[in-house]
Amino acid sequence: MTIRRANPSDAKGIARVHVDSWRTTYAGIVPDGYLQRLSYESREKLWQAEIARSAVFVAENEQAQIIGFASGGKERTGKYPGYDGELYAIYLLKEHQRKGIGKKLVKAVAEDLLRQGFSSMTVAVLKENPSRFFYESIGGIRIGAEEIEIGGKKLEEWIYGWKDLRSFLAALAEDSS
């Protein structure tokens with residue numbers, strides 16, 4: 001398994017992971033009709049643009065197939081003083097979850113944020129998403145909540161934060177040794 005920075009030709013593989021992981025992760029949380037309307041083509045266009053403007057990392061298996069991705073950059077809301085970076089997205093195909101790949105993807109984004117001069121990071125996750133426990137397990141502290149709407153359904157997002165990326169990365173390194 002390899003973690004590397006994404007390039008424009010990765011957009012198709014990232015789109016596949018994005019759609020497939022949304023359909024497994026958010027089944028029963030996000031309306032089924034919304035999940036069924038997700039398309040690889042529209043997500044591929046989205047990721048072509050995103051790769052050009054932000055830090056996107058992919059996880060590849062031994063066959064060089066993209067099995068997960070993460071992206072991050074400047075915190076977008078301005079609602080969390082003292083938090084300047086953000087983990088925008090992280091998704092893994094269901095069969096590759098709980099194998100340490102998510103930690104490696106978050107680490108890649110956090111290291112990139114630090115290189116860009118950011119010192120902290122947030123992430124938004126649906127309250128009903130069991131993956132929110134992943135963020136807690138790697139030291140994320142709940143710092144807020146927001147109401148959003150997906151497919152006509154109101155949902156609550158929890159915002160997790162890491163105040164010090166250097167300490168966070170040191171803790172990840174200790175945890176993996």
Side-chain angles (χ1 to χ4, degrees), residues 1-8 10-11 13-15 17-18 21-22 25-26 43 45-60 66-92 96-148 150 155-177:
M1 199 270 313
T2 304
I3 305 288
R4 64 170 175 78
R5 193 169 196 114
N7 60 59
D10 293 323
I14 293 170
V17 170
H18 196 175
S21 63
W22 263 66
T25 301
Y26 299 133
R43 294 295 161 156
K45 288 178 187 162
L46 178 146
W47 286 105
Q48 285 170 341
E50 195 63 25
I51 290 167
R53 75 172 162 254
S54 67
V56 181
F57 296 87
V58 295
E60 291 181 322
I66 295 173
I67 58 170
F69 70 92
S71 67
K74 182 181 184 337
E75 199 280 329
R76 298 173 288 187
T77 70
K79 294 180 181 179
Y80 303 98
Y83 292 91
D84 54 1
E86 182 178 350
L87 175 63
Y88 298 152
I90 178 171
Y91 292 101
L92 282 165
H96 297 285
Q97 294 175 4
R98 302 191 174 276
K99 297 179 180 178
I101 301 167
K103 280 185 187 178
K104 290 177 181 175
L105 284 166
V106 171
K107 179 178 181 269
V109 170
E111 287 172 342
D112 190 73
L113 289 172
L114 205 53
R115 271 193 300 277
Q116 292 181 57
F118 297 105
S119 60
S120 56
M121 177 174 76
T122 64
V123 67
V125 60
L126 291 177
K127 175 185 171 185
E128 294 180 55
N129 180 351
S131 296
R132 72 180 167 82
F133 298 111
F134 165 73
Y135 301 109
E136 294 172 9
S137 78
I138 59 171
I141 303 298
R142 188 171 154 222
I143 59 169
E146 303 284 332
E147 186 176 87
I148 63 166
I150 300 175
L155 298 162
E156 187 174 349
E157 276 187 325
W158 282 7
I159 314 305
Y160 288 90
W162 293 265
K163 197 72 167 157
D164 181 349
L165 285 177
R166 288 187 195 286
S167 298
F168 168 63
L169 288 167
L172 274 185
E174 276 182 30
D175 188 42
S176 65
S177 50

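By convention here, the first residue in the shown sequence is residue 1.
Distance check, rounded to the nearest 0.5 Å: OG1 of Thr2 to CD1 of Ile66 gives 11.5 Å. The distance from the CG atom of Leu105 to the CD1 atom of Ile3 is 4.0 Å, given to the nearest 0.5 Å. With values rounded to the nearest 0.5 angstrom, Lys163 atom NZ is found 15.5 Å from Phe168 atom CZ. Considering CG of Leu165 and OH of Tyr83, their distance stands at 10.5 Å, rounded to 0.5 Å. Expressed to the nearest 0.5 Å, how far CD of Glu50 lies from CD1 of Ile14 amounts to 9.5 Å.
Counting heavy-atom neighbours within 6.0 Å of Lys99 NZ, excluding the residue itself, gives a total above 12.
Applying the salt bridge (Lys or Arg N to Asp or Glu O under 4.0 Å) criterion to Arg98, with sequence neighbours excluded, gives no partner residue. The ring-ring contact (aromatic ring centres under 6.0 Å, His included) test applied to Phe134 returns no partner, not counting sequence neighbours. Qualifying side chain to side chain donor-acceptor pair (under 3.5 Å) partners for Tyr26, counting only residues two or more places apart in sequence or in other chains: Tyr91. Every residue meeting the side chain to side chain contact (heavy atoms under 4.5 Å, CB included) condition with Ala11, not counting sequence neighbours, appears here in chain and number order: Glu44, Trp47, Gln48, Ile51.
Side-chain atoms of Arg115 and Asp112, non-hydrogen and from C-beta on, do get closer than 4.5 Å to each other. In this structure, Arg76 and Tyr88 have side chains that are in contact, with non-hydrogen atoms separated by less than 4.5 Å. Counting heavy atoms from C-beta on, the side chains of Met1 and His96 never come closer than 4.5 Å. Looking only at side-chain heavy atoms (C-beta outward), Tyr135 and Ile90 come within less than 4.5 Å of each other.
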Let me check something: any side-chain donor-acceptor pairs from residues 139-148 under 3.5 Å, sequence neighbours excluded? List them with distances.
residue, atom, partner, partner atom, Å
Glu146, OE1, Lys79, NZ, 2.8
Glu146, OE2, Tyr80, OH, 2.7

What pairs of donor and acceptor atoms, side-chain ones from residues 122-130 against any protein atom, are under 3.5 angstrom apart with sequence neighbours left out?
residue, atom, partner, partner atom, Å
Asn129, OD1, Ser131, N, 2.8
Asn129, OD1, Ser131, OG, 3.2

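For the pair Ser120 (side chain) and Gly82 (backbone), a donor-acceptor distance under 3.5 Å is present. A donor-acceptor pair under 3.5 Å links the side-chain atoms of Ser21 to the main chain of His18, judged by distance alone. In this structure, the side chain of Glu75 engages the main chain of Thr77 through a donor-acceptor pair within 3.5 Å. Asp84 places a side-chain N or O within 3.5 Å of a backbone atom of Ser119 that can act as its donor or acceptor partner.
For the pair Gly72 and Ser54, the tightest heavy-atom approach, listed with the atom from each and the gap, is O-CB, 3.8 Å. Heavy atoms only, all atoms of each residue included: Leu92 and Gly102 are closest at CD1-N, 3.6 Å. The heavy-atom pair separating Ile138 from Lys103 by the smallest distance is CG2-CE, 3.7 Å.
For the pair Arg132 and Tyr160, the NZ or CZ position fails the cation-pi test of under 6.0 Å to the six-membered ring centre and within 45 degrees of the ring normal.
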